[in-house]
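Following: one structure in structure tokens, then a few remarks.
Counting convention: from 1, in listed order, for ligands and their atoms alike.
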Amino acid sequence: DWTMEEFIGKEIARIREICGSKGRVIGAVSGGVDSTVAAKLMHEAIGDRFHAIMVDNGVLRMNEAKQVHEMLNKNLGVNLTVVDASDMFLSRLQGVEDPEQKRKIIGNTFINVFEEEAAKLEAIAEKEEAEGTEKKGKIEWLLQGTLYPDVIESISFKGPSATIKTHHNVGGLLADMKLKLIEPLRELFKDEVRALGRLLSIPAPLVQRHPFPGPGLAIRILGPITREQVKILQHADSIYIEEIRAANLYDQISQAFAVLLPVRAVGVMGDKRTYEQVIALRAVKTEDFMTADWFVFPPEVLRRISSRITNEVEGINRVTYDISSKPPGTVEWL
Ligand code: XMP
């Protein structure tokens with residue numbers, strides 16, 4: 001039996017012991033709960049010897065890179081670099097429709113960008129070493145925000161989500177870099193990570209945030225991915241989430257997001273016919289994401305969301321609500 005306060009103290013001491021007095025630690029942050037909590041814990045333990053890297057892959061939610069920078073760097077004091085690699089990601093994704101191919105491209109490009117950032121840091125460390133001004137040392141560790149369920153899944157590798165879709169939270173990255181792993185959350189469940197986040201003064205909206213997939217909006221744009229399509233989806237999705245929050249429903253929903261369909265539908269605006277795209281809204285309630293039920297919205301909330309999206313998002317003239325459960329549907333459309 002242990003309390004979360006004790007866990008923090010013990011874990012910080014453990015990290016300090018592992019990391020000694022020199023050597024840098026790098027870790028990717030996404031803006032999600034796990035990587036934010038892990039990053040804050042590392043910062044508490046070893047300060048600026050921990051370098052957080054956020055990769056903007058061009059398929060994040062609206063203003064996400066900016067918000068993560070604001071939160072992690074300005075508010076929590078974490079040493080963070082945001083890398084805008086959106087051109088590289090979007091050009092590699094051009095014309096790709098197969099969802100597994102999208103996941104592979106995003107996973108591999110992420111590793112390329114992350115390794116490039118690590119190489120830049122390593123070059124700085126080597127230069128400092130040569131000049132005799134070195135303070136933090138070379139990169140020796142890689143932080144991963146792995147949770148207990150990820151550890152189990154990567155060992156047994158039997159869950160339907162693991163076999164049906166490729167998840168890349170564990171492994172991969174390490175092969176080339178030969179870094180030692182630090183996984184401060186590997187014994188915790190999601191609820192415990194949230195409690196830990198609250199104790200580390202991470203703001204409640206972030207601690208309660210719905211999960212967001214690594215491949216981001218790329219698996220929510222069903223047709224070709226272009227900057228224009230990303231913008232349309234970001235805008236619709238931000239209105240959707242804003243209205244869910246305004247209606248005080250966010251915490252009752254496990255995950256909510258918008259999907260951009262690659263079809264055009266006929267509509268009318270003034271005395272003109274329109275021929276524009278369709279947004280599908282998804283909101284589910286689930287315990288473990290293996291099965292899920294669609295969320296029952298009060299009709300007036302759906303009405304308001306639909307009217308705002310069709311009025312405010314250029315290129316959309318129709319909104320549908322997804323009433324499929326999992327199974328047979330999945331949470332994501334791709
Ligand atoms: P599905 O669509 O499999 O989604 O019912 C279950 C949960 O997994 C998330 N998901 C992913 N997360 N990379 C991720 O990091 C992925 O490729 C991926 N695919 C699905 C999904 O958002 C939901 O929370």
Exercise. Answer yes or no: does an N/O atom from R220 fall short of 3.5 Å to an N/O atom of ligand 1?
Key: no
Quiz item: Which heavy atom in I253 sits nearest to a heavy atom in H210, and how many Å separate them?
Solution: O-NE2, 2.9 Å
Practice problem: Would you mind telling me if ligand 1 is within reach of the side chain of R103, the backbone, both or neither, using heavy atoms under 4.0 Å? | Solution: side chain
Self-check item: Parallel, tilted or perpendicular, as decided by the 30° and 60° cut-offs, for the rings of F297 and F295
Solution: perpendicular
Quiz item: Considering distance alone, does some N or O of P211 sit under 3.5 Å from an N or O of ligand 1?
Solution: no
Quiz item: Quick one: which ligand 1 atoms are inside 4.0 Å of a heavy atom on T330?
Solution: 1 (P), 2 (O), 5 (O)
Quiz item: Does a donor on one side chain sit under 3.5 Å from an acceptor on the other, for Q277 and Q229?
Solution: yes
Exercise. May I ask you to list the atoms of ligand 1 that are less than 4.0 angstrom from any heavy atom of V331?
Key: 1 (P), 2 (O), 4 (O), 5 (O)
Quiz item: Does a salt bridge link R14 with E17, judged by any charged N lying under 4.0 Å from a carboxylate O?
Solution: no
Exercise. Only pairs at least two apart or in different chains count here, so list each side-chain hydrogen bond (donor to acceptor under 3.5 Å, both in side chains) that has a residue in residues 281-297.
Key: R282-D322
